Amino acid sequence: MNEKFEIFLYYNVDATIKYKSFNVSPGTSIAHFIRDNDISKLTMVNEINIGVYGKIQNSDYIIKPNDRLELYNDITADPKIRRKNLAKV
């Protein structure tokens, strides 16, 4: 039972959520997935944070069938301050 399975990677480009599908082999870790699929091309940041269903995972996490991988960018503005500034307008 070494058949590849499909997973989806969701990521953000210019405030738009996009996704790509990938076929991975059983036992693939996030570190191998990033390296083998050149995920760094999807983002402009040096450090890549990937989570599964909203929870950031370590690079040694083994990807399972039906996992929803999400690529996280660093926050550029404090949401609390941003809401305050919008309320002033």
Side-chain angles (χ1 to χ4, degrees):
M1 194 169 140
N2 282 335
E3 290 188 30
K4 290 187 174 192
F5 54 89
E6 185 178 40
I7 57 149
F8 292 95
L9 174 70
Y10 290 81
Y11 59 99
N12 186 2
V13 175
D14 298 326
T16 303
I17 296 175
K18 299 189 177 237
Y19 71 93
K20 282 189 164 189
S21 66
F22 296 90
N23 290 317
V24 296
S25 300
T28 301
S29 68
I30 286 179
H32 286 117
F33 172 74
I34 291 171
R35 185 190 67 227
D36 295 346
N37 295 293
D38 208 8
I39 299 302
S40 59
K41 287 184 179 179
L42 297 177
T43 182
M44 301 239 184
V45 296
N46 294 332
E47 185 177 328
I48 296 175
N49 291 315
I50 291 187
V52 177
Y53 291 111
K55 183 176 180 188
I56 294 179
Q57 299 292 341
N58 293 325
S59 61
D60 61 350
Y61 174 84
I62 302 299
I63 300 170
K64 299 174 189 74
N66 301 319
D67 273 353
R68 173 189 163 132
L69 299 181
E70 300 161 347
L71 186 63
Y72 299 117
N73 296 333
D74 291 333
I75 292 178
T76 57
D78 183 347
K80 192 174 184 180
I81 293 172
R82 185 173 179 271
R83 283 192 301 273
K84 235 185 228 183
N85 291 338
L86 286 173
K88 288 180 184 178
V89 175

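As the structure is a computational prediction, the values presented were derived from the model and not from experiment.
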What distance do [X] atom [atom1] and [Y] atom [atom2] have between them, rounded to the nearest 0.5 Å?
X	Y	atom1	atom2	value
H32	I34	NE2	CD1	11.0 Å
N85	K80	CG	NZ	13.0 Å
I50	L69	CD1	CG	6.0 Å

Minimal non-hydrogen separation, [X] against [Y], with atom names:
X	Y	answer
V52	Q57	CG2-CG, 3.7 Å
L9	F33	CD2-CE2, 4.4 Å
F8	S21	CE2-CB, 3.5 Å

Close side-chain approach of [X] to [Y], heavy-atom, < 4.5 Å:
X	Y	answer
I30	I63	yes
R68	Y53	yes
F5	V24	yes
F22	T28	no
D67	Y61	yes

For the backbone of G54 and the side chain of E70, can you confirm whether one donor and one acceptor N or O come within less than 3.5 Å of each other?
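Flag set: sc E70 to bb G54 pair under 3.5 Å.
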Do other residues, nucleotides or ligands put more than 12 heavy atoms under 6.0 Å from [X] [atom1]?
X	atom1	value
Y10	OH	yes
K18	NZ	no
N66	CG	no

I17-Y11 co-clustered via ILVMFWY side chain contacts under 4.5 Å:
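I17 does not cluster with Y11.
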Using the test side chain to side chain contact (heavy atoms under 4.5 Å, CB included), find all partners of S59 that sit at least two apart in sequence or belong to another chain.
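Residues passing side chain to side chain contact (heavy atoms under 4.5 Å, CB included) with S59: A31.
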